[in-house]
Each structure stands twice: as structure tokens, then as C-alpha cells.
Amino acid sequence: MDKFLITGGRRLEGNVAISGAKNAALPAMTAALLTDQRVILKNVPRVRDISTLRSLLEDLGVDSSVTHEAHGNRIEIEARQLLNPVAPYELVKQMRASVLVLGPLVARFGQARVSLPGGCAIGVRPINLHLKGLEKLGATISFDHGYVNARADRLRGTDFYFDTTSVTGTENLMMAATLADGTTVLENAAREPEVQDLADLLNKMGAQIEGAGTHKIQIRGVARLQGAEHTVIPDRIEAATFLTAAAITGGELVVDRCHPEHLTSVLAKLEEVGVQVIRGAGQGSNGGPTLAFKAGNKLRALDVTTQVYPGFPTDMQAQYMALMTQAEGSSVITETIFENRFMHALELARMGADITVNGRRAVVRGKTPLSGAEIQASDLRASASLVLAGLAAEGETLINRVYHIDRGYERIEEKLTRVGAQIVRISESD
Ligand code: EPZ
């Protein structure tokens, strides 16, 4: 298993180009199951979760091809027919987002058999709302041998209220409803940019979706969908991770190929903490505005509470905690989305951070010097926070199990090295 060896204490400086969003590319790939025509996705990040989903789609009998492009990959997917509507445990256990095949399969093929995802490092993460919504759309749901089965001749439009706002829940039901008989209204739906991006793709495929990006989404079902070409949005969490890396090293970065408007809550918080943000500093290589970022001399400790979009994202909580270890004063971090998302706190404490965790609240006292140590990643975003801590620490930090970070960050060590970090990947074979 690969490791990262980081020598800390270097200020980051330069330009970094953001990859496409993993959490937009994954649902977009499953949307291709809704049509027998070709769906072409561009700006797809080269991360492990994308390869895992591609294996699952091929397992289902879908044809796909990948071409390397200047920015990300181009993936062509054609679900002309289906060998078997089964998402096996071996693949689903690697990536919970595999559950996103459920809605499209039952909507187009009338049946789906998907392994139940099981537990996760950051929380219980049930899929009860996905299933409740499919049942409301007229599917028959049953369970056996660790699998959920969904069956329906044709789904029927309905009204569904999410007791808890769910990102992939919204995406699954939105996809399923595109081929339902009649109109579906999803209330208390997720508003994340990735949900909006999926709706944009589906509408290009001939769906009739309105209201994506709000808590109320209306989907008028159609008989069939066609192929389409779509460029996936940039990864706002990757962009925010790099901005936090600049802040924790007292650096200066120009972030290219991102959508600053997707980062409002994060930028507002980082500005309050004491960094200078220049939006639209220049024109990026994707024609969009760049984001320039200059860390101040001092970081102020500030509380944060994670929320659904457009609030402060839970996927930035760990990185923000690492930053707060280098801020003057105490900060309270409240995690409202997942019940067990402070695994990184113990590893940061091993590097010298002063953190007390109590249920869904953590108190960070700073500024505390961090010293390099051998540490272990537990999940995708926790591993990103450990990389940030390693960049700020005195001496060498060795991070084990970086396969977690490869799931969602495209060659992060290369991008960091280009802006002045000293980080090397140590592979088992080295
Ligand atoms: C998506 O996960 C993201 N994953 C996660 O990113 C992200 O942390 C999360 O949204 C929240 O923003 C993808 O998009 C692939 P939820 P998802 O359903 O959809 C509860 C990363 O690091 N819930 O919005 O699985 C659930 O337990 C990953 O890239 C139910 O109770 O999250 C949680 O407490 C990690 N029943 C809350 O809702 C359900 O049926 C929000 O979860 C569904 C969810």
C-alpha cells in the first residue's frame, strides 16, 4: 500500500488546476444507464472511485471507453443492453456511491439487485430514503442475502419528501423519475452543485427537470432518453482543499479551472480566518475566472458548523480542523451531517495538536506547533487533512493507507509538488 512522505515547513506558491468533480462524475456515469444511446462525459477526474464505478458498469454489461485529454478523461458509455441488473458486494463495498445504479436500473430495465452498502468509517449511512422514495415511485422493494431488490413494470410519478436531505438520495430518485409515468416532485431535496450538474446532463438527454439547485425539484417523466455530451463541473472540495493548504503553509496560490460561486461558504470562512481572496483574478484555462489566494501572517480561530449546501461542507471539515490547529485561539467544530467524522483528530493529536472530541463537537486549541510523525489515513477527507498537517509540521510525516486519498484526489502529490511542497509517494514496490 502506498504511503506519502512529507517534509513540512515549505510555503506553497504558484498555480494549481482543479480536476473535474468526483461527486458529479459518479452520478453522471450512472445516468448513462437510462438510455441505449452513447453518453460522453468530459473533464472526468482520474481517481480510483471512477475506475471502480466503470468496472461495475462493465459488470452490468455496459460498453465504455476512456480517452486521456488535456484536462481529465473523456469517458464514453453505451448501455445498449444489460447482461444482469446486479451490483455485486465486491464492488459496492469499495464504494457506497455504487448505490446510484439502483434508480436508473429499475427505471429503465424494471429491476435491480444491489448489495447493501454496509457500514462506513464516517457514519452508519443508511439508504432507507433511497428505498422509501423508490417505493413511493411504485417499485417493490425486498431484501435477501445482503442485497436489496427493486422491481417495477413502470415507475409512477409521485410526491416525495426527504426526512433528511440526501445528496445521492436526491440523485437516485431524480434519475428514476425521468422515465416514470407522470410527474414527480422531490421536496427537501439536496441543492449541491453536483445535483444541479446531474440535472443539466439529464435535461440534455431529453429529461424534463425543473428546480434542481433548490429544495423542490419537479421531474416530468418521459418515455425514453437519448445520448448526450457533457462536461463535468470542477471539484469544489479539491479547490477548497488546496486553498486550505495555501492557508496552513502561509502561501499564495492561483486556483485555475474552478467555480468560485460553488465555494461561497468556504471562502467566506477562510476570509474571516484571515486570508485574502481575490475572485476573478484572471481568466483560467477553461475560460472561467481564477481564484487568487494569499494567506495572512496570522490565522484567527473561528467556530464552524457543517451543513448541507450552500452551508459549510462536511467534506471540508477535516481540512478545516487541521487549519485550526495553526490558528490563534480556540475553535469549536460541529459536525451535523455524519455521526463519526472526527477520526483525523486522533492522528492530528499524535502530531501535537490540542483537540478534544465530544460526540459531534470538537474543540481545537491553537496555535500548536506540529511535529512530523507516522500516521494513518482512515477515509478520503481525513487523509487530506493529514496531508495538510504534514505540510505545516516540522520534520517528516509518513502517511499510511493513502489509497483513501487516491479515491478522490487526482495525483495530489504531483499537484502539491508543482507549487513547492516536498511530498513523495512511496509505493510498496519501492
Ligand atoms: C454525498 O454522500 C457525498 N458522496 C459525500 O462525499 C458527502 O459527504 C455527502 O453527500 C454529504 O455532503 C457522493 O456524492 C458520492 P447523504 P451521500 O445521503 O449522498 C443520512 C466524499 O468525501 N441519510 O447526503 O451518501 C446520512 O446517514 C463523500 O467525497 C439517511 O439517513 O450523503 C447522513 O447522515 C463522503 N438515509 C445524511 O443523511 C438515507 O437514505 C446525509 O447523507 C440517506 C442519507
Side-chain angles (χ1 to χ4, degrees), residues 21-34 47-62 77 79 82 84-137 139-152 155 160 162-179 186 189-190 192 194-195 197-198 201-202 308 314-315 337-338 379-380 407-408:
K22 164 185 81 80
N23 290 348
L26 293 171
M29 290 168 71
T30 61
L33 291 167
L34 291 164
V47 295
R48 200 150 52 79
D49 275 8
I50 298 293
S51 322
T52 305
L53 184 57
R54 197 168 158 233
S55 316
L56 171 56
L57 292 176
E58 297 206 337
D59 216 53
L60 293 171
V62 169
I77 303 171
L82 207 64
N84 63 19
V86 179
Y89 176 66
E90 296 75 40
L91 290 169
V92 176
K93 77 175 181 196
Q94 291 176 44
M95 184 188 65
R96 316 176 55 77
S98 310
V99 72
L100 284 166
V101 301
L102 192 56
L105 285 177
V106 71
R108 175 154 168 237
F109 298 98
Q111 56 170 329
R113 180 172 167 77
V114 174
S115 167
L116 288 164
C120 167
I122 64 175
V124 179
R125 303 184 71 182
I127 59 166
N128 57 314
L129 298 173
H130 299 236
L131 304 180
K132 205 171 146 194
L134 284 175
E135 249 172 355
K136 200 88 195 318
L137 281 161
T140 311
I141 303 287
S142 62
F143 303 91
D144 70 270
H145 303 92
Y147 281 73
V148 56
N149 307 299
R151 278 181 177 281
L155 297 175
F160 182 73
F162 281 93
D163 301 334
T164 307
T165 299
S166 162
V167 175
T168 51
T170 301
E171 293 165 345
N172 231 337
L173 298 185
M174 188 165 73
M175 288 190 279
T178 57
L179 294 177
L186 301 177
E192 271 66 4
E194 295 76 23
V195 173
D197 197 45
L198 176 62
L201 165 62
L202 292 167
V308 296
T314 173
D315 293 348
I337 307 294
F338 294 110
D379 64 81
L380 170 58
R407 291 189 54 180

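Any value given below was found using the heavy atoms of this structure, including those in side chains, with hydrogens, waters and symmetry copies removed. This is a predicted model, so every value here is computed, not measured.
- Summarising the geometry, atom OG1 belonging to Thr30 is positioned 7.0 Å from atom CG belonging to Leu198; distances are rounded to the nearest 0.5 Å.
- Of all heavy-atom pairs between Leu102 and Val114, the closest is CD1-CG2, 3.7 Å.
- Taking the side chain as every heavy atom from C-beta outward, Asn172 and Ile127 never approach each other to under 4.5 Å.
- Checked by atom type and distance alone, the side chain of Arg96 pairs as donor or acceptor with a backbone atom of Arg125 at under 3.5 Å.
- With contacts defined as side-chain heavy-atom distances shorter than 4.5 Å, the pair Val47/Arg407 does not qualify.
- Heavy atoms only, all atoms of each residue included: Ala31 and Leu201 are closest at CB-CD2, 4.0 Å.
- Atom CG of Asn23 is separated from atom CG of Asp197 by 11.5 Å, given to the nearest 0.5 angstrom.
- In terms of heavy-atom proximity, Asn84 sits nearest to Asp59 at OD1-O, 3.7 Å.
- Separation of atoms OG (Ser51) and CD (Gln94) is listed at 10.0 Å; rounding is to 0.5 Å.
- Residue Leu100 is tested with Met95, Met175, Met29 for a side chain to side chain contact (heavy atoms under 4.5 Å, CB included); the sole match is Met175.
- In plain terms, the two heavy atoms of Ala139 and Ala152 that are nearest each other are CA-CB, 3.9 Å.
- Put simply, CG on Asp163 and NZ on Lys132 are 3.5 Å apart, with the number rounded to the nearest 0.5 Å.
- Formation of a donor-acceptor pair under 3.5 Å by the Thr170 side chain with backbone atoms of Ala190 is found in this model.
- For Tyr89, the OH atom sits in a loose shell: 12 or fewer heavy atoms of surrounding residues, nucleotides or ligands are nearer than 6.0 Å.
- The OG atom of Ser166 lies 9.5 Å from the CD atom of Glu192; values are rounded to the nearest 0.5 Å.
- The shortest non-hydrogen separation linking Ala189 to Leu186 is CB-O, 4.1 Å.
- A distance-only check finds a donor-acceptor pair linking the side chain of Arg108 to the backbone of Leu33 [under 3.5 Å].
- Atoms CZ and CG, on Phe160 and Leu134 in that order, are 9.0 Å from each other to the nearest 0.5 Å.
- In this structure, Ile141 and Leu131 approach most closely via the heavy-atom pair CG1-O, 4.1 Å.
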